Structures are given as C-alpha cells and as structure tokens.
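Note that this is a predicted model, so its numbers are computed, not measured.
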Amino acid sequence: MITEPLAHGDSYLHRLDPRLRVITAAAFSCTVAVFDAFPALATACGTALALLLLSGLEIRAALRRLAVVLGFLLLLWLVLPLTFEGAVAAGLGPVNLYWPGITLAAQISLKSTAIIAAFTALAATMPISTLGQALARLRVPAKLVYLLLMCYRYIFVIEKEYHRLHTAMKIRGFRPRTRLHTYRTYAYLVGMLFVRAAARAERVHQAMNCRGFNGRFHSLAVFPPHPANRWFAVAAGSVMVVLLWLEWSG
Amino acid sequence: MHISEGVLSGPVLLTGGVLAAAGTAVGLKQLDYDHIARAGLLAAAFFVASLIHVPIGPSSIHLILNGIVGLLLGWGAFPAIVVALLLQGILFQYGGLTTLGVNTLIMAVPAVICYYLFAPLVHRRRKIALAAAFGCGLVSILLGAVVAGAALMFTEENFLEVTVLIISAHIPVMVIEGVITSFCVAFLIKVQPELLPGYDRRPDPAPVERDSDES
C-alpha cells in the first residue's frame, strides 16, 4: 500500500511553515548539487542527517526509506573505482582500483545522501495537500498545483482499484510467468486502470462543475506566523553561508 | 528509469530543469481546465502502473509506460510526469528536487515524440495499429535511455561505459514495454477507443459500408 508515514508527526520540523520548508529544501538541494569540495559535502551531509533526526523519524524507518538510494550507491562503489581510470590506488590481481573513481563515488554518495535526506526531512514531512497549498502560495502555476492535488487525491483510489483487479486475477488462478499470456494479462490490467481512471475523471469533473468549479482552486489553509519560523530561517541561512564558504575555500 | 541525485553536473541539471519547465509550460497551456482532472487521474494511473512488476526469467522489471502516457496525453505528458515524479520522490524517496527536471525529460521527451510518431497510426487497420503500439513502447524506452545517457555524457565523458551499459540493460525492457503497450492499445481500441488520440467521433458507418470494409 502507498502510505505517507512521515507526513503526520509532531516534531519541530512539522510545526514550521510549509512554504519555508519547501524553499529551504529547494535552496539546499540546488546548492549542494554543484558542490565538489569534501569539507562542504561532508558538512552538508551531516546537516541533512541532523535534520532527518530532528524530524522525529525512527532510524530504522528512515533507513528503509533511504534503501533505494543506498542500493544505487552500492552499485556505484562497485563500478566506478574499477572503470574510472587514473592514478592507481590498489591492485587486486588483474583489476586496478583507481583514485578518481573512488573520489567520484565518495562525492556522489555524500551529495545524494545530503539531498535526499534534506528533501525527506523538510518536504516529505507534510501531507501532499499541504505541499500543494504551499506551492500555490509560492506562485507555482495554478494548473500544475491542481494537477498535483488531483493526482495525489486519486493515487490511493486507483491503487485500491489495482489491488482489486489483481486479487480478481489471482482468484482466477493467474500466476505470473515469463510468457506472452502474462504480459497480455498485465497489459489488459493497465488498460483497465486507464479506462477506469478516465471514466472516474469524467464523473469527478462533472461533479465539480455541478458544485460551481470555475477553474480556481481555493485554499482555506492559513499558515500562521510562529517564532520558530524566523529562527529556522536564520539558522538555515547561516548554514548555507558556511557551506558556500567551505566550498569556495576548499 | 531515472538518474539519482548527486550524479549530474550543475549545467546539466540546470539545462534539464529549464527544458522540463518549458515542456511543462507547453503541456499546461494545452491542457484546459476541462482536461486537467483527466490528466491528473491518468497521471495517478501511470504512477500506480509503474509499481507493477512483470516477471522476466528469474528476475522482474517494473513497467514504465511513458509511451502510452504520451499517446493518451500528448504534450500533457510533461506536467503529468512532473507531478508523478514529484509524488514518487515524496512518497518513496526515489529522487529529490534537483534531478526532477532531467528525470522528467527522460520520460516526457520520448512520450511526446512517440505521440507525434505513432498517434496517427493507432486508428488504422489492426496490424498497423498493433505494430505502431509496439514501436511506441519500444521507442519510448530507447529514447529515454538515450536522453539519460546524454545527460551522463555531458556530465563526464568517462561515463561512456555506464551509458552503453544503460542502453544495453534496457533492451529487454524495450521489448517488454513494446509487447505490453501493443496489448494495452489493442485493449483500448476494443474497450474505449475515444481515449486514444485522433478518434473519429462520428457514429459507426452504415452496415453496407462496413461490409465493404471487411471484405
């Protein structure tokens, strides 16, 4: 099942203004993405992990969330030191490990951990409906926000639809194998998902029109001022300055 | 198919972001408010369908289906894919913000190209339609791998091996996506042909004409 385990919490980060969190996440990600120097990268990674701790996640849950990234990084450490040629760091029989590959793998590991951890701590800790409202206040095109909210609203419905169809397939004795029949069955399943999504969209659209929808998506959400916002903004700003200084001096 | 955070260089990320924003702007302009609900739900279906794993030998791969999204939405595939990727990033930590642009291009550029290449063919005779749908699934993955490879090559020329690896690793995916897209389009032609682009809404031709068509 698709869930949002991080969205509802009561940590310091959860109480901050969503707009501030979105802006901080974007600024942090974009800055870290162009860093090369190790002191800056290590500090950024540390900061991001600290944020992740601050978001009140369980360590095990957080690691499970980061498993995709960690798996990719493992692959990188297997490939890059062998293929990225330069000064030899160590010879292991017929193959050599090269320094540039090791450096690059380390840079990428720190960078991606920092970006994903910060994004998880800051942006994934709000329900997507709140994210949509925050984006709307930040002048993201209204149509895109509307699309995001519609997609979010119906992902769970369509996933349920998918599970229902899948259960029906299993009850009829469907077992996936590498053969054409399996692919045809899955293709029909996907086709059915699209057909039902389109039919539902038609009904939803009619229902919205009946309720007077005129293309404007009103949001009643207010983001009240809170003293924590200012302190967080100051702290985030200072961390960014320190990171930039580390990068330039490094 | 997507590129992870931290791999690409600043200029590549920026170019990806700008191009994806431009594509999304075009897509949003073409989607009027009457069609956004449909695009949103199709994006949700695309999101869910990409969680389906199909077996291939001892392993399994997950469906991508950007070709079919292109067929169904045209330029609207851009905003739909942006939204689906953003949701994937938030719900599953598959990616962050900086690669959103490049990853959107990897899926949406092939989707739009496939729309122009294959949309005119899907209402032709059955054989042509199925071949076009197969091509659509195959080309969408091939082009996606090429765009991903280009992003890597512009970052670092030494990534040539990785690029070749990406494209060759996707060959089975291309074939399976082709097969699935082909069956899926066949299904849609039977069940709801008006979902596919260029469907002629005129009522069925008179029986006499239909006879002559079939002979």
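Taking chain A as the reference chain and counting heavy-atom pairs below 4.5 Å, the highest number among B:Ala25, B:Ala49, B:Pro79 is found for B:Pro79. Note: B:Ile176 leads B:Asp32, B:Val82, B:Ile176 in heavy-atom pairs under 4.5 Å with chain A. Among A:Arg177, A:Gln107, A:Lys143, the residue making the largest number of heavy-atom pairs under 4.5 Å with chain B is A:Lys143. Across B:Leu13, B:Ile52, B:Leu42, the residue that shares the most heavy-atom pairs under 4.5 angstrom with chain A is B:Ile52. Interface remark: of the candidates B:Ser60, B:Ala45, B:Pro55, B:Pro55 forms the most heavy-atom pairs closer than 4.5 Å to chain A. Chain A forms more heavy-atom pairs under 4.5 Å with one residue of B:Ile68, B:Leu91, B:Leu165, B:Val191 than with any other, namely B:Leu91.
Using the six-membered ring where Trp is involved, A:Tyr146 and B:Tyr33 have ring planes that are parallel, under 30° apart on the 30 and 60° scheme.
With a 4.5 Å cut-off on side-chain heavy atoms, B:Ile90 and A:Phe119 count as touching.
At a 4.5 Å heavy-atom cutoff, the contact between A:Leu144 and chain B is made by backbone and side-chain atoms alike. Heavy atoms of A:Leu104 lying under 4.5 Å from chain B belong exclusively to its side chain. Contacts of A:Met192 with chain B are made by both backbone and side-chain atoms, with heavy-atom separations under 4.5 Å. Only the side chain of B:Thr24 comes within less than 4.5 Å of a heavy atom in chain A; its backbone stays farther off. Proximity to chain B (any heavy atom under 4.5 Å) is restricted, for A:Val69, to the side chain, taken from C-beta onward. Heavy atoms of A:Leu80 lying under 4.5 Å from chain B belong exclusively to its side chain. For B:His35, no part sits under 4.5 Å from any heavy atom of chain A, backbone or side chain. The contact between A:Thr182 and chain B is made entirely by side chain atoms (from C-beta outward), counting heavy-atom distances below 4.5 Å. Of the two parts of B:Leu195, only the side chain, counted from C-beta on, holds a non-hydrogen atom closer than 4.5 Å to a non-hydrogen atom of chain A. Heavy-atom distances place both the backbone and the side chain of B:Phe92 under 4.5 Å from chain A.
Note that CZ of A:Phe194 is 12.5 Å distant from CD of B:Gln192, once rounded to the nearest 0.5 Å.
Around the CH2 atom of A:Trp77, the shell of radius 6.0 Å holds more than 12 heavy atoms that belong to other residues, nucleotides or ligands.
Across B:Cys184 and A:Val190, no two heavy atoms sit closer than the pair SG-CG1, 4.0 Å. Smallest separation of non-hydrogen atoms from B:Arg38 and A:Ala201: CA-CB, 3.5 Å. Between B:Ala80 and A:Leu147 the shortest heavy-atom distance is N-CD2, 3.9 Å.
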